Protein chains: 2
Amino acid sequence: MGTATSPKGLEGLSLKSLEAFRAIIQSGSATAAATSLGITQPAVSRLLASFEQHVGFALFYREKSRLFPTEEALALFKEVELTLQGAERISLLARNIFNSDLGLLKIVAPNSFIAGPLADVVADFMRQHPRVNISLDTHSPATARELVAHRSADCGFIQLPENHPGLQVESMLQSHTVCALSPAHPLASKGRIEVQDLLGQNLILLGKGRYSRMQIDSIFQQAGVPMKVKLETHTVAIACTFARRNLGVAIVNGMLARQYADNNLLLIPFAPALIYEYGFITSAHAPMSRLTTAFFNHCRQSFGRMQDELIPKA
Amino acid sequence: MGTATSPKGLEGLSLKSLEAFRAIIQSGSATAAATSLGITQPAVSRLLASFEQHVGFALFYREKSRLFPTEEALALFKEVELTLQGAERISLLARNIFNSDLGLLKIVAPNSFIAGPLADVVADFMRQHPRVNISLDTHSPATARELVAHRSADCGFIQLPENHPGLQVESMLQSHTVCALSPAHPLASKGRIEVQDLLGQNLILLGKGRYSRMQIDSIFQQAGVPMKVKLETHTVAIACTFARRNLGVAIVNGMLARQYADNNLLLIPFAPALIYEYGFITSAHAPMSRLTTAFFNHCRQSFGRMQDELIPKA
DNA sequence: CCATATCAATAACAAAATGTAATGAAATGA
DNA sequence: TCATTTCATTACATTTTGTTATTGATATGG
């Protein structure tokens with residue numbers, strides 16, 4: 001006969017015995033407990049025996065072939081229930097994480113990108129994942145790169161090309177370059193504006209030093225068209241504001257400018273075709289979290305649809 | 001290939017996987033976790049795999065043959081730790097219950113019994129079980145019987161004989177009947193007082209209607225000695241108080257009177273021997289709890305020792 | 001009183017979980 | 001390059017957890 005011993009650590013303790021114990025207390029009999037657990041009565045009997053062995057003393061007294069909980073069992077019951085609820089919370093939390101509907105998603109993106117195409121995409125995502133909290137910040141491209149590489153942010157959007165070694169880059173969307181100008185402007189009636197058309201025109205440009213700006217400069221240079229840069233600024237919004245007042249032709253990212261187009265501001269494709277490309281960046285040091293992956297897929301889908309609308313056929 | 005699924009209930013969840021998960025997070029590697037758990041590394045690997053399968057997604061990313069926790073793992077970790085701590089609390093509580101050093105013990109006993117022999121016994125028990133709370137109340141014998149039978153009290157002391165069907169009775173201690181009297185009393189010099197010695201003496205008696213009183217009455221009757229009951233009262237303390245003032249001879253329970261004996265109050269054995277017997281009662285409807293059992297054993301031991309001192313050899 | 005039903009325990013066995021030792025692959029560092 | 005470290009995998013033993021069938025004790029209803 002085994003000498004009764006007090007429990008040491010968690011040896012021999014299992015969630016199943018705890019569940020059986022709880023079910024017996026709650027239902028009042030081993031048979032009913034078995035039914036509620038979806039197992040057979042002998043299994044419950046043995047799980048209970050194993051728990052009793054763990055604690056070292058009887059939890060029920062057997063009389064008239066029934067089980068009656070002892071004082072000790074009732075004293076333990078509360079703790080057991082709390083622990084099982086804890087285990088259930090683990091499963092629940094896991095399910096939420098699995099469904100990516102819980103957590104904090106930190107995104108960095110250029111200001112104009114947030115104000116432009118990203119706003120609706122993020123808004124949609126938030127509606128679809130109501131319990132996800134989102135942090136959406138703007139930083140300089142250099143800082144954004146570092147934040148994402150160091151995993152201080154989960155992901156970001158950045159203008160391509162991008163070759164930071166700590167970043168994983170996925171091309172996310174492309175946008176054509178357009179000329180933004182007032183309907184009163186002489187070129188307003190054209191369906192497409194060539195570099196040559198801009199000879200002598202006041203230009204509104206932005207992004208001095210950026211790759212995309214270098215591309216524009218180089219196109220003018222190759223075409224032998226001198227640039228008459230009337231206004232140099234930093235945001236698409238400002239560039240469009242001045243174009244609307246007919247102070248010149250702004251050469252801007254079509255997708256970012258789209259929101260400013262109206263009766264007083266026309267957007268006309270620029271030729272030769274000049275593509276702005278944005279990438280989705282994550283850290284190369286760790287795989288995306290489930291939440292980030294969910295957001296990535298959402299972006300793929302949304303931006304894909306957005307682009308199909310903008311550029312139906314290539 | 002298994003499609004990832006979110007966790008349902010507690011299926012497939014085990015404390016061991018949770019322990020393995022916690023150990024890996026805390027120690028930073030599966031090998032170290034294995035060491036700290038006292039099992040082998042492959043076992044840890046598989047426990048982790050089983051937990052990952054339960055939650056439905058990866059908890060670590062494997063790179064450079066190392067394990068790095070994902071965001072999801074860190075989010076789950078807190079809950080897992082709480083649950084494991086809960087399980088540890090179950091074991092701790094069980095150990096405390098096992099050692100009977102936790103809980104509430106409700107005792108009922110006659111007032112004179114508490115004031116007399118029980119006080120030291122309970123005090124000792126409290127010292128040995130510092131975290132046990134004790135409720136010690138006095139009720140009429142009838143109420144005491146009901147309280148214990150209905151399990152409103154865990155146990156009680158009662159004068160025997162006792163034959164309530166709902167009670168389990170264990171004889172606990174016996175005490176001789178003594179005469180308490182002043183040193184100035186004529187009988188003070190005797191080593192033993194017989195019934196006949198009390199002929200014509202003023203008597204102080206108590207417990208009218210009780211079994212023990214009936215026994216005294218019957219002894220006098222059989223001896224043909226008329227009783228000169230000068231004072232009728234209810235407690236041993238009062239009976240002794242008057243005996244001390246030499247107002248008569250009190251015939252009382254020796255063990256209860258013992259505490260009042262001093263230079264002004266002698267206790268002299270009464271003959272024929274008349275035994276007061278006290279029983280330890282518990283409910284017949286349920287077995288004693290561990291705590292009650294521990295108290296019962298403590299009483300057995302303490303009263304046994306006490307009785308050996310009082311009546312060294314029979 | 002007896003047939004019947006219920007309940008818990010147990011035995012015998014199948015399946016799953018959990019342990020082991022041995023080995024392999026990949027990265028690390030001397 | 002070579003020894004070491006780390007994790008995954010394989011093959012196998014052991015323990016846990018489940019099953020069905022049976023038993024003994026106890027109500028219950030005729």
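Quick caveat: nothing in here was measured; it's all calculated off a predicted structure. Chain letters run A, B, ... following the sequence lines, proteins first, then strands; residues in each count from 1.
Within the structure, a side-chain polar atom (N or O) of B:S14 is placed less than 4.0 Å from OP1 or OP2 of C:dT18. For the OP1/OP2 pair of D:dC7 and a distance below 4.0 Å, the side-chain nitrogens and oxygens of B:S45 include no atom meeting the criterion. Listed pair A:S50 / D:dT16 fails the phosphate criterion, with no side-chain N or O lying under 4.0 Å from OP1 or OP2. The phosphate of D:dC7 has OP1 or OP2 within less than 4.0 Å of a side-chain N or O from B:T31.
Rounded to whole angstrom, the span from the NE2 atom of A:H54 across to the P atom of D:dT16 amounts to 13 Å. Here D:dT15 presents its C1' atom at 13 Å from CZ of B:R46, a figure rounded to the nearest Å. Atom C1' of nucleotide C:dT18 and atom CG of B:L15 are separated by 14 Å, given to the nearest angstrom. Here C:dA27 presents its P atom at 16 Å from OH of B:Y61, a figure rounded to the nearest Å. As rounded to whole Å, 15 Å separates atom P of C:dA16 from atom CD1 of A:I39. If you measure from atom CG of B:L48 to atom C1' of C:dA17, you get 16 Å, rounded to the nearest angstrom. One atom, CZ of B:R66, and another, P of D:dT6, lie 6 Å apart when rounded to the nearest Å. Between the P atom of C:dA16 and the CG atom of B:L13 lies a distance of 19 Å, rounded to the nearest Å.
The residue B:R62 sits close only to the backbone: its heavy atoms come under 4.0 Å of sugar-phosphate atoms, none of a base. Counting non-hydrogen atoms under 4.0 angstrom, A:T40 reaches a base of the nucleic acid. Using a 4.0 Å heavy-atom distance criterion, B:A30 is classed as a sugar-phosphate-only contact.
In this structure, A:L47 and A:E63 both approach DNA chain D, and ranking their closest nucleotides by distance from the 5' end singles out A:L47. Both A:K64 and A:K16 lie near DNA chain D, and the one whose nearest nucleotide falls closer to the 5' end is A:K16.
Of the candidate nucleotides D:dA8, C:dA9, C:dT20, C:dA9 has the atom lying nearest to any side-chain atom of A:Q41.
Residue B:R210 qualifies as open at atom CZ: its count of foreign heavy atoms under 6.0 Å is 12 or below.
Ring centroid separation for the pair A:F125 and A:F295 comes in under the 6.0 Å cut-off.
A:R22 and A:E88 are joined by a salt bridge, as a carboxylate oxygen and a charged side-chain nitrogen come within less than 4.0 angstrom of each other. A salt bridge links B:R62 with B:E52: at least one charged nitrogen is closer than 4.0 Å to a carboxylate oxygen.
With hydrogens and angles disregarded, no donor-acceptor distance shorter than 3.5 Å links the side chain of B:S135 to the backbone of B:K106.
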